[in-house]
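Read the structure below first, then the notes.
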Amino acid sequence: MKLYMKQKVFSFFDKFTVKDENGYDKYYVEGEILSLGKKLHIYDMNHNEVAFVRQKILAFMPKFTVEVNGIEIAEIVKKVTFFSPKYYVDGLDWEVEGDFFAHDYVITSGNRAIVSIHKAWMSWGDTFELDIADDRDEVTALAVVLAIDAVMDAQN
């Protein structure tokens, strides 16, 4: 399963849709402007909230939690490294590695790829492709990718 997002979507102040591999709207994402910490709601196209990303305020390093269907399932934690950023998805035991600034990274669980994130070169504007290995991980993977981008954004 592949999902596509335009570069401008990596902002919590925009409202945008996430498209499927056929170009159809699959999810609707909306950020909260007037709130403490960043918050991002992910809805299906029937306007049901399927995931929620929330910034933990009062943390030394930027941290975000992910809720799916109202249950907190993960916390995105940035590991302290000297050379390149490294993230861990606590609660899911997912590891995140790659070139985050170029939006070219992979999230794994053990030796199994959960989602690969790549900048799509043959597209109108800057589009990012999420290649999700298992459809059952689709909503969680989308929420985690948006949370990782929020961590990077919070540090900039």
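For reference, positions follow the sequence shown, starting with 1.
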Q: Could you please spell out the steps behind the side-chain contact (heavy atoms from CB on, under 4.5 Å) verdict for E32 and H41?
A: CA-CA 8 Å; E32 292 183 19; H41 301 270; 2.5 Å; yes
Q: Give the C-alpha distance, both sets of side-chain angles, the deciding distance and a yes or no for side-chain contact (heavy atoms from CB on, under 4.5 Å) between V18 and F128.
A: CA-CA 10 Å; V18 177; F128 297 94; over 6 Å; no
Q. Should V144 and V115 be marked as a side-chain contact (heavy atoms from CB on, under 4.5 Å) after you check the CA-CA gap, both sets of side-chain angles, and the distance that decides it?
A. CA-CA 10 Å; V144 167; V115 58; over 6 Å; no
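Here the straight-line distance linking atom CG of L130 with atom CE of M5 works out to 4.5 Å at 0.5 Å rounding. Atom OH of Y87 is separated from atom CD1 of I107 by 11.5 Å, given to the nearest 0.5 angstrom. Here the NZ-CD distance, from K63 to Q55, works out to 12.0 Å after rounding to the nearest 0.5 Å. With rounding to the nearest 0.5 Å, the separation of OG1 in T65 from CG in D90 is 11.5 Å.
Taking all atoms of both residues into account, the shortest heavy-atom contact from A113 to A133 is O-CB, 3.3 Å. Closest approach of V89 to A74, counting heavy atoms only: CG1-CB, 3.7 Å. The two residues A147 and I76 come nearest to each other via the heavy atoms CB-CG1, 3.7 Å. Here the shortest heavy-atom pairing between W94 and S109 reads CD1-CB, 3.8 Å. Closest approach of Y105 and V96 over heavy atoms only: CD1-CG1, 3.6 Å. Contact detail for E49 and N69: the closest heavy-atom pair is O-OD1, 4.3 Å.
Put simply, V68 and I42 are part of the same group of oily side chains (I, L, V, M, F, W, Y) that touch within less than 4.5 Å, one to the next. Residues I73 and V139 share a single hydrophobic cluster, defined by chaining ILVMFWY side chains whose heavy atoms lie under 4.5 Å apart. Residues F16 and V145 share a hydrophobic cluster, clusters being chains of Ile/Leu/Val/Met/Phe/Trp/Tyr side chains in contact below 4.5 Å. I71 and V66 fall within the same hydrophobic cluster, where Ile, Leu, Val, Met, Phe, Trp and Tyr residues are linked whenever their side-chain heavy atoms come under 4.5 Å apart, directly or through other members. In this structure, L92 is a member of the same hydrophobic cluster as L146, with clusters built from ILVMFWY side-chain heavy atoms closer than 4.5 Å.
Applying the side-chain contact (heavy atoms from CB on, under 4.5 Å) test to R112 and every residue at least two apart in sequence or in another chain returns I114, D134, D137. The side-chain contact (heavy atoms from CB on, under 4.5 Å) test applied to E138 returns M1, L3, K26, Y27, I132, not counting sequence neighbours. Every residue two or more places apart in sequence or in another chain that forms a side-chain hydrogen bond (donor to acceptor under 3.5 Å, both in side chains) with D44 is listed here: N48. For Y43, there are no side-chain hydrogen bond (donor to acceptor under 3.5 Å, both in side chains) partners two or more places apart in sequence or in a different chain. Partners of D93 according to the side-chain contact (heavy atoms from CB on, under 4.5 Å) rule, which considers only residues two or more places apart in sequence or in another chain, are Y88. For Y28, there are no ring pair (Phe, Tyr, Trp, His ring centres under 6.0 Å) partners, not counting sequence neighbours.
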